[in-house]
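Report on one structure; see the data block that follows.
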Amino acid sequence: MPDLLRRVAALTLVSALGIALLAPLAVESAPLPGATAPSSLLDPGAATSILDRGTDGRERMATLTLLDQARPIGAESLTNQQRGLPTPASVPMQATLVSAATPLPTPVPPEPAPAAASPPSPPPAAPPPAGGDTVSGLATWYCCTAGWTGEAVVALPGALGGHYDARPAARSVTVCADRCATLPVADYCGCLWGTADQKVADLSPEAWAAISDADTSAGVIQVTVHLD
């Protein structure tokens with residue numbers, strides 16, 4: 001019990017000292033009788049207004065800030081400092097047009113031409129007969145015989161047994177020039193027989209190619225006809 005009383009007495013003493021220390025500060029902060037509140041730098045309505053943030057608004061803010069200075073200082077004029085920039089000297093210019101290169105289209109390879117139909121193969125070359133009658137002379141070419149178009153055939157003068165014969169011909173002869181070929185006797189030719197210009201055979205174009213390397217434009221070739 002005496003201990004508790006000592007604690008209460010100590011706390012009371014500390015509280016009294018604290019109040020004694022704070023009292024002078026409270027007296028100094030209280031307004032004096034008849035004292036007026038300090039004037040506000042800004043207009044009372046300015047607190048609720050939205051000031052202009054442009055050049056004119058900033059000049060007004062600077063003027064208000066300098067009102068309380070001991071020696072008045074003029075506000076810096078931002079408007080008077082806005083000076084036009086010098087115009088650079090003009091330089092003559094001329095536009096130049098440049099054509100952009102156009103890429104060339106990728107060439108398309110041509111389609112291969114269809115293979116030409118090969119002409120009918122001439123009859124196999126035959127060796128000249130060992131015996132029998134032969135006659136040599138000039139030979140010409142003619143276009144065709146009915147029923148034998150595109151075939152290697154020969155037409156002979158009548159004196160050599162030439163006559164028209166349908167397929168298959170009953171007779172063949174061997175005709176030789178650069179090589180020999182056995183050809184069916186399919187037709188008859190006058191062949192200027194019995195004259196100085198007589199011919200011993202008239203060949204179809206296929207027969208001409210079978211026995212000679214010359215072109216048909218040569219007109220005539222020298223041949224030997226082996227009569228069977």
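Small disclaimer: the values here were computed from a predicted structure and weren't measured. When reading the values below, keep in mind they use all heavy atoms of this one structure, side chains included, and skip hydrogens, waters and symmetry mates.
- Between T140 and the options T216, I221, D202, a side chain to side chain contact (heavy atoms under 4.5 Å, CB included) holds for only D202.
- If you take SG on C189 and CD on Q198, they are separated by 10.5 Å, rounding to the nearest 0.5 Å.
- Closest approach of C143 and P205 over heavy atoms only: O-CD, 3.4 Å.
- Counting heavy atoms from C-beta outward, P184 and R171 have side chains that stay 4.5 Å or more apart.
- With hydrogens and angles disregarded, a donor-acceptor distance shorter than 3.5 Å links the side chain of W208 to the backbone of A214.
- Cluster membership for V135 and L138, using ILVMFWY side-chain heavy atoms within less than 4.5 angstrom, is not shared.
- Within the 3.5 Å criterion, the main-chain N or O of A209 finds no donor-acceptor partner in the side chain of S212.
- Following chains of ILVMFWY side-chain contacts shorter than 4.5 Å, one cannot reach V185 starting from V153, and the two form parts of different hydrophobic clusters.
- Follow the hydrophobic side-chain contacts under 4.5 Å out from I211 and you reach V173 in the same cluster.
- Q222 and S136 get closest at one heavy-atom pair: NE2-C, 4.2 Å.
- The salt bridge (charged side-chain N to carboxylate O under 4.0 Å, His left out) search around D213 returns R179, not counting sequence neighbours.
- In terms of heavy-atom proximity, V223 sits nearest to A177 at CG1-CB, 4.2 Å.
- Both W193 and L227 belong to a common hydrophobic cluster when Ile, Leu, Val, Met, Phe, Trp and Tyr are linked at side-chain heavy-atom distances under 4.5 angstrom.
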- Where do D197 and T195 land on the side-chain hydrogen bond (donor to acceptor under 3.5 Å, both in side chains) test, with the steps shown first? CA-CA 5 Å; D197 297 323; T195 69; 5.2 Å; no
- Item | Test log, rule side-chain contact (heavy atoms from CB on, under 4.5 Å), inputs T174 and T224 | CA-CA 8 Å; T174 300; T224 298; over 6 Å; no
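- Proximity of W148 to D187: side-chain heavy atoms (C-beta onward) are nowhere separated by under 4.5 Å.
- S204 contributes a side-chain N or O that, together with a main-chain N or O of E151, makes up a donor-acceptor pair within less than 3.5 Å.
- In the hydrophobic clustering of ILVMFWY residues, with side-chain heavy atoms under 4.5 Å counting as a link, V154 and W141 come out together.
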If you look only at distance, which donor and acceptor atoms sit under 3.5 Å apart when one is on a side chain in residues 159-169 and the other is two or more places apart or in another chain?
from : atom 1 : to   : atom 2 : distance (Å)
H163 : ND1    : G161 : O      : 3.2
Y164 : OH     : A146 : O      : 3.3
D165 : OD2    : A170 : N      : 3.0

